[in-house]
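Okay, handing you the structure first.
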Amino acid sequence: AREIYEEMEFFAQYGFNKSHSAAYALLSIQTAWLKAHHPAEFMAATMSTEMRKSERITQLIDEVKALKLDIVPPDINLPRSEFGVRDGRIVFGMGAVKGVGSAAIDVIAEAHEELGRDFTDLFDLCENVDLQKVNRKVLEGLINAGAMDHLPGHRRQQLANLDRALAFGQKAARDKAGGQASLFGGAAAAEVLKPTLMDCEPFDPLVELSKERRAVGFFLSGHPFEEYRELIAALPSDKAAVAHVRGEGTWVDLVGVITSHTKHRDRHKRVYARANFEDKSGVIPLTVYARQYEQYQDLVASDTILVVGGRVQVRSDGTREIVVDRLTRIDEVLGTWTRDILLEVDLEAAGRSGLEGLEALFREYGQPQPLRPLEFEDELIDPRKDITEKETADNGTAATGVGGDPDADPEVMEQPVLARPVPLVVEVEREGKTWLLKSEGRHIALCLDSLRRLRQVPGAGKLCLRAAMPAPVEQKRRFQGRG
């Protein structure tokens, strides 16, 4: 009797009866089968149930990537709140776009159904929806999320013309409410009177991705890694997946982006941060203690690619995190850690224009160059102005890091970091032999602009960089834990 009582007491702490266990087992088998045989549909349904939890969506996106599934931006002509599947790819749910509520999505869906056709452009959309519910904030979020990529115009052009589209839609609503019609009547007249998109330069790809990340919480249509692919390939860095099995106190260098972070206070009331850091192999937690956070807080809050240097710390549950000692943004790495450049050139394809392109690079980037600004200021875009010239002027000022207080002592002000010129080695084939051409006196400072220009040189082939990591920061704290 005592043995039976002790077994009952133990089971009462936490236990399932057989019917409960059988139900769980059946659900587990069903969901496992769905995930194995219909992974896109399964993940779309799972993300739809977690749609309002941005951190959970980020975790599920990592699972989608692990399953090698494609996820594409939402589509204004397929308006639905939930995640869906189209041609084997997961379509991002409009309800997960920041600032876009279910009421606005319902209005868009109703308008689309009443029209019986797709929206043809931004003006057509604003003409046919209730702009009190589908307001500026909703439309900006949808544009930045890529929901209108299938409509005419690029994202910056759509944002630049948003005021005109809203004014057109409001006037159409007033005319409809007042029973007014065109003087000439008919649908053809309406088409004549409808505005067209005014032109402007598109966003820089990194700016567009940054805005996209703010709208949906992560990079959806691309990734900044692609812009710096030669540098990332050249860096002798570690992987997050490898860091997860490293021992206590091991130094690692990782290249990736901070996907989320939270601020905390230590026992001395100083602010420090905990973050999730993602590279191509996975995600690993970071801890940026108060002294480092004071120095790197702008980088922690940014969505730029970072090179993180720190030591592995083993938690009590055996999982790993990185205690950050050094954070360096990718543009500084490109400009100061690169040692030289190797560019393959096909002389026949290059011709005279290829040689002139290299000559222009030597001339324009032969001196130290300012780094790309960490953040680009959002501006009200007037498509009637020359946006390109305005951006060039703004970026030049921002990149130098000099400005602000005009009374500041120039000797005390921190000098901006500049990209330094490095040798360019050109590899060519001639008469069956490979030649490496290098000029001792002609170098190129590597910034993102010059890197892009090198890829575009006529006849250019493979582009390689040689870069070196700085030495690990001297260990100041004593790590005690399990390795």
Side-chain angles (χ1 to χ4, degrees), residues 40-41 44-45 47-54 57 71-87 89-153 155 157-159 161-182 185-197 212 215-217 220-221:
E41 289 80 2
M47 287 190 286
S48 294
T49 62
E50 304 281 359
M51 198 158 44
R52 295 301 174 189
K53 302 174 184 177
S54 58
I57 288 293
I71 183 165
V72 296
D75 188 343
I76 196 69
N77 284 316
L78 295 172
R80 55 178 292 168
S81 180
E82 300 82 9
F83 289 75
V85 177
R86 185 178 63 205
D87 299 328
R89 300 186 297 177
I90 298 174
V91 181
F92 196 85
M94 284 188 182
V97 178
K98 295 176 183 177
V100 180
S102 57
I105 299 169
D106 291 341
V107 168
I108 295 171
E110 290 171 8
H112 186 269
E113 186 175 356
E114 288 178 7
L115 282 174
R117 59 170 175 80
D118 288 345
F119 299 112
T120 57
D121 57 23
L122 182 62
F123 297 101
D124 185 42
L125 173 66
C126 291
E127 182 183 9
N128 289 287
V129 299
D130 181 355
L131 293 178
Q132 291 185 341
K133 294 181 179 178
V134 186
N135 54 30
R136 166 183 286 278
K137 183 179 179 182
V138 170
L139 292 170
E140 285 180 346
L142 290 173
I143 291 171
N144 286 325
M148 302 192 198
D149 285 355
H150 295 296
L151 299 184
R155 295 185 192 179
Q157 192 176 9
Q158 291 169 351
L159 288 171
N161 286 272
L162 186 54
D163 282 337
R164 299 173 63 237
L166 287 169
F168 173 75
Q170 290 162 357
K171 183 180 183 303
R174 288 194 302 269
D175 291 347
K176 189 181 298 183
Q180 297 183 22
S182 168
E191 288 296 327
V192 171
L193 297 174
K194 184 181 293 185
T196 57
L197 292 172
E212 180 178 275
V216 301
L220 186 57
S221 62

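On a predicted model such as this, the values are computed, not experimentally measured, just so you know. We use all heavy atoms of the structure for the numbers below, so side chains are in, but hydrogens, waters and symmetry mates are not.
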Check your understanding: Going from CD on Glu127 to CG on Asp121, what distance comes out if it is rounded to the nearest 0.5 angstrom?
Key ->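 That separation rounds to 9.0 Å.
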**Study point:** Between CG on residue Leu151 and OG1 on residue Thr120, distance to nearest 0.5 Å
**Key:**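 Leu151 CG to Thr120 OG1: 7.5 Å, rounded to 0.5 Å.
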Check your understanding: Looking at CZ of Phe119 and CG of Asp75, how far apart are the two atoms once the value is rounded to the nearest 0.5 Å?
Key ->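 One gets 10.5 Å once the value is rounded to the nearest 0.5 Å.
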Check your understanding: Which value, rounded to the nearest 0.5 Å, describes the distance between Asn77 atom CG and Leu115 atom CG?
Key ->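 Separation between the atoms: 9.5 Å.
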**Study point:** Heavy-atom pair of closest approach, residues Pro195 and Arg164
**Key:**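 In this case the closest contact between Pro195 and Arg164 is CB-NH2, 3.6 Å.
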Review point. How long is the gap from CE on Met94 to OG on Ser102, to the nearest 0.5 Å?
Key: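 Nearest 0.5 Å value for the CE-OG distance: 13.0 Å.
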Point to revise | Check: Leu142 and Met148 side chains under 4.5 Å, non-hydrogen atoms | key: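 They are in side-chain contact.
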Check your understanding: Does a side-chain heavy-atom distance below 4.5 Å link Ser81 with Met51?
Key ->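 Counting from C-beta outward, Ser81 and Met51 do come under 4.5 Å.
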Point to revise | salt bridge (charged side-chain N to carboxylate O under 4.0 Å, His left out) between Asp124 and Arg117, intermediate numbers included | key: CA-CA 11 Å; Asp124 185 42; Arg117 59 170 175 80; 2.8 Å; yes
Review point. For Ser48, does its backbone N or O pair with a side-chain atom of Glu82 as donor and acceptor, under 3.5 Å?
Key: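 It does not hold such a pair.
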Review point. Nearest 0.5 Å, what's the NZ-CG distance between Lys171 and Leu166?
Key: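 Spacing of NZ (Lys171) from CG (Leu166) equals 15.0 Å.
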Review point. Quick one: do the His112 and Asp118 side chains pair a donor with an acceptor below 3.5 Å?
Key: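 Result is yes, a qualifying pair exists.
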Exercise for review: Keeping to residues at least two apart or across chains, list the salt bridge (charged side-chain N to carboxylate O under 4.0 Å, His left out) pairs with something in residues 141-152.
Suggested key: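 Pairs touching residues 141-152 that pass the test: Asp149-Arg155.
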Check your understanding: Can you list the steps and then say if Leu159 with Asn144 is a side-chain contact (heavy atoms from CB on, under 4.5 Å)?
Key -> CA-CA 9 Å; Leu159 288 171; Asn144 286 325; 3.5 Å; yes
Check your understanding: Just by distance, do the side chain of Glu41 and the backbone of Val85 share a donor-acceptor pair under 3.5 Å?
Key ->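 A pair under 3.5 Å: no.
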Point to revise | Qualifying residues under ring-ring contact (aromatic ring centres under 6.0 Å, His included), relative to Phe92, sequence neighbours excluded | key: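 Once residues adjacent in sequence are excluded, the partners of Phe92 under the ring-ring contact (aromatic ring centres under 6.0 Å, His included) criterion are Phe83, Phe218.
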